[in-house]
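Predicted model, so just to flag it, every value in this text is computed and none were measured. Values below: all heavy atoms of this structure, side chains included; hydrogens, waters and symmetry mates excluded.
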Amino acid sequence: MWRTWLRYLTVAVELWWVAGATNITVTGVSTGIDPKTHQRPTRRDIRELFSESGPQWDLYILALSAFQAVDEADELSYFQITGIHGRPFEAWNDVENVPGAPEEMGYCPHGELIFGTWHRPYLALFEQVLVSHAVNISNQYPPNHAPAYKAAAQTLRLPFWDWATDPTVPSFTGDANITVNGPTGPTTIRNPLYSYRFQNPVPSSWGGQLSTYQETSRCMGTDGSVNNMTKSNLSMMTVGFKLKTSVYDAFIRSTRFEDVACTDCGGPNFEDPHSTVHTTVGCGGTMADIVLSAFDPLFMLHHCNVDRLFAMWQAINYKDTMFERTSTSYGQFGTPGGSKITRDSPLKPFRADPLTFHTSDLVTNISTFGYTYPEIYDWDTSPDQSRAFVITQVNMLYGPNSTYDRTKSFPYPQKHPSEASGLVDTQQYYVAQVQLDRAEIPLPAVVGLVINGTTVGSLALLAMPSYGNVSTSVTIQDPRLAGLVDVNIDSKAATSVLQQGLAVEILHNGETEVPVNTVPSLKVELQAIEYTPNTEKSQFPRLGNVTRLPIAIRPVASKFYR
């Protein structure tokens, strides 16, 4: 009996405690879901949304603008929700800093097993607030337009930017002003995708360009403009090869959650290309500063794509059980360093209900938050059918025969002339397994793998976490396709060129060279992986023998350009 009364007392205390709390719950968006088929609205490619320029595009732009205009003191303001990720290092939703947790850090768990699952409710929170603004705006249209805009608001979801298919920044994000059809007709407003302007002065202690400019920036222009699209795109094109091949490599080689989940997990993963986008797209601007990056309007488009890739991977590997092992947290605002990470670890500060935080187990399925992606039709197909369809889409978008080939080169080549006799049915591609201790490098940094001045692979490391062992796989461009050697030499000779010629350069902030002899933990192993091309679109290439070759850590003799 006393246990029963104790439980009642405990629940009463909990309810009393949360009564004074904000208790914002993350539910995602429930509108627009077909009650019969359970088909969910799609998160669409933002280029497609712009090209259509219909009611959903108008509502997205107007809603994002309204979102950014909400008073920064409001917990559901753009400032406070994007501020969950890093600065201002303050409690959100009454999730306070706790003993043992770092004070100079946001809630985001970079480099940890929950990197992908943590961002899922984060995006869902942003999406549910964005759509609420869209619904309000749709109700303001005159009777002749209201039905179309109200219907569009019901199915509106957060769009994504697929940088692995096309690394260039969507052109319309570089326009300071934008024209859309509003409730009163065509209207030109400040473009909410161009930058975010802070309503209150940014403290000088935040550092970076925000100390001078009270708005987010990407590749500052010489004229003082905060968004130089030409520089952004030139920068992004240098890593286009890496983005596409890293994504495809993660799909075909990582079949366990523990391998694909994060940069520190060992296998090819989605966090590495994600970090490359952060360090590259802004030329040292807001996106490159991980404690400020979420304020940039590109951030949510970027992370929506990361969630999409993760969701596609889940559909392919639906039999995989997440979290077959536990790991240890580096610590974030609200989470002590050294905490055990499991599938039931709280994804702070996101509440599933007033008394419960979301966990990786609770957010496993994207259906939880009421959306899908163009590649995922899981409401009326079997898991195996869905798997086959997603694999087909991955091959079409990112595989060696994908229709969009931005670099005219790939680490999964078709047969070279010397191997085209028909007697050889296997080819090979290259990856490098890179290990190092973050504490030995000033962060953020890029580790470049270079041959004769040409970068054939790179690893981006953000400023958080600031310590811990990195163990990850980096795709390497075939020296034959990179134009470094005669395309007609065989695989054995190409492998020898890589093993003997690879050099390493580490650049802090993309500029300052870090001597490799000051990083004793740095290890690089070249791996030549045999594979047989897929014969069906719904199949991945078949992987074969792996030849492992140690690489001597030698510095780059000439300047390394990313």
Side-chain angles (χ1 to χ4, degrees), residues 20-29 59-97 105-108 118-140 153 156-159 173 178 182 189-203 205-206 208 210-211 213-217 226 286-287 289-304 332-334 347-351 354 357-358 369:
T22 306
N23 290 306
I24 298 167
T25 57
V26 181
T27 60
V29 184
L59 289 174
Y60 169 65
I61 292 297
L62 292 170
L64 186 58
S65 179
F67 195 177
Q68 292 181 357
V70 175
D71 191 304
E72 291 180 348
D74 190 322
E75 276 200 297
L76 291 179
S77 67
Y78 181 93
F79 173 80
Q80 290 222 16
I81 289 178
T82 54
I84 290 170
H85 187 264
R87 286 192 180 277
F89 307 146
E90 293 177 356
W92 187 84
N93 209 13
D94 288 306
V95 181
E96 302 285 347
N97 192 252
M105 188 177 290
Y107 292 99
C108 180
W118 183 89
H119 281 87
R120 184 160 286 172
Y122 189 28
L123 289 163
L125 169 66
F126 188 90
E127 184 172 66
Q128 73 187 49
V129 178
L130 176 76
V131 172
S132 71
H133 285 289
V135 169
N136 290 337
I137 294 168
S138 73
N139 291 325
Q140 300 170 23
L156 178 65
R157 297 296 187 267
L158 184 66
T173 67
I178 194 165
I189 62 173
R190 184 182 178 279
N191 187 357
L193 291 171
Y194 181 79
S195 68
Y196 172 64
R197 282 183 180 168
F198 293 86
Q199 299 170 13
N200 300 300
V202 175
S205 59
W206 283 25
L210 291 184
S211 299
Y213 299 89
Q214 297 294 296
E215 63 183 305
T216 58
S217 65
V226 299
T286 310
M287 277 286 280
D289 190 335
I290 203 62
V291 299
L292 302 174
S293 60
F295 293 117
D296 189 314
L298 280 184
F299 178 93
M300 293 297 172
L301 303 178
H302 166 43
H303 270 275
C304 191
Q332 296 85 37
F333 194 96
L347 302 178
K348 295 181 179 180
F350 309 121
R351 299 183 189 275
F357 288 107
H358 278 292
F369 296 117

Short side-chain to backbone donor-acceptor contact, Thr82 and Tyr78, under 3.5 Å
yes
Student check: side-chain heavy atoms of Val26 and Phe369 closer than 4.5 Å:
yes
Heavy atoms of Ala66 and Ile137 approach each other most closely as CB-CD1, 4.3 Å
Checking side chain to side chain contact (heavy atoms under 4.5 Å, CB included) for the pair Asp296/His302: CA distance, chi angles, key distance, verdict?
CA-CA 10 Å; Asp296 189 314; His302 166 43; over 6 Å; no
With no hydrogens and no angle check, is any side-chain donor or acceptor of Trp92 less than 3.5 Å from a backbone partner on Glu75?
yes
Please walk me through it: do Phe350 and Val95 pass side chain to side chain contact (heavy atoms under 4.5 Å, CB included)?
CA-CA 9 Å; Phe350 309 121; Val95 181; over 6 Å; no
Sidechain-backbone polar pair: His85 side chain, Ile290 backbone, donor-acceptor under 3.5 Å:
yes
Starting from the C-alpha separation in whole Å, work towards a yes-or-no answer on side chain to side chain contact (heavy atoms under 4.5 Å, CB included) for Arg351 and Ile24.
CA-CA 7 Å; Arg351 299 183 189 275; Ile24 298 167; over 6 Å; no
Say whether, by atom type as modelled, one donor and one acceptor occur between the side chain of Gln68 and the main chain of Leu193 under 3.5 angstrom.
no
Could you report the tightest heavy-atom contact between Asp74 and Ser77, atom names first, then the distance?
O-OG, 2.7 Å
Measuring from atom CD1 of Ile84 to atom CZ of Phe126, what distance do you get when rounded to the nearest 0.5 angstrom?
11.0 Å
Flag the pair Glu215 / Thr286 as yes when at least one side-chain heavy-atom distance between them is below 4.5 Å, and no otherwise.
no
Test of understanding: with side chain to side chain donor-acceptor pair (under 3.5 Å), list the residues that count as partners of Arg197, not counting sequence neighbours.
none
Close side-chain approach of Phe299 and Tyr196, heavy atoms under 4.5 Å:
no
Test side chain to side chain contact (heavy atoms under 4.5 Å, CB included) on Trp118 and Gln332; report intermediate values, then the result.
CA-CA 12 Å; Trp118 183 89; Gln332 296 85 37; over 6 Å; no
Output the distance between atom OH (Tyr122) and atom CG (Leu347), rounded to the nearest 0.5 Å.
14.0 Å
Using ring-ring contact (aromatic ring centres under 6.0 Å, His included) as the criterion, list what pairs up with Tyr60, not counting sequence neighbours.
none
Contact between Val226 and Thr216 at the side-chain level, heavy atoms closer than 4.5 Å - yes or no?
no
Between the CD atom in Glu127 and the SG atom in Cys304, the distance rounded to the nearest 0.5 Å is 7.0 Å
So do Pro297 and Thr173 actually touch side chain to side chain, heavy atoms under 4.5 Å?
no
Atom OG in Ser65, atom CD1 in Ile178: separation rounded to 0.5 Å?
10.5 Å
Rounded to the nearest 0.5 Å, what separates atom CG in Leu64 from atom CE in Met300?
10.0 Å
Sequence neighbours left out, what passes side-chain contact (heavy atoms from CB on, under 4.5 Å) with Ala91? Give chain and number order.
Glu96, Tyr107, Phe333
Straight-line distance of Leu62 CG to His133 NE2, nearest 0.5 Å:
12.0 Å
Minimum heavy-atom distance between Gly83 and Pro88, given as atom pair plus value:
O-CD, 3.8 Å
So, do Val202 and Arg87 sit near enough that their side-chain heavy atoms are less than 4.5 Å apart?
no
Are any non-hydrogen side-chain atoms of His119 and Cys108 less than 4.5 angstrom apart?
yes
Side-chain contact, heavy-atom cut-off 4.5 Å: Gln80 with Leu76?
no
Donor-acceptor check, side chain of Glu72 to backbone of Phe79, threshold 3.5 angstrom: yes or no?
no
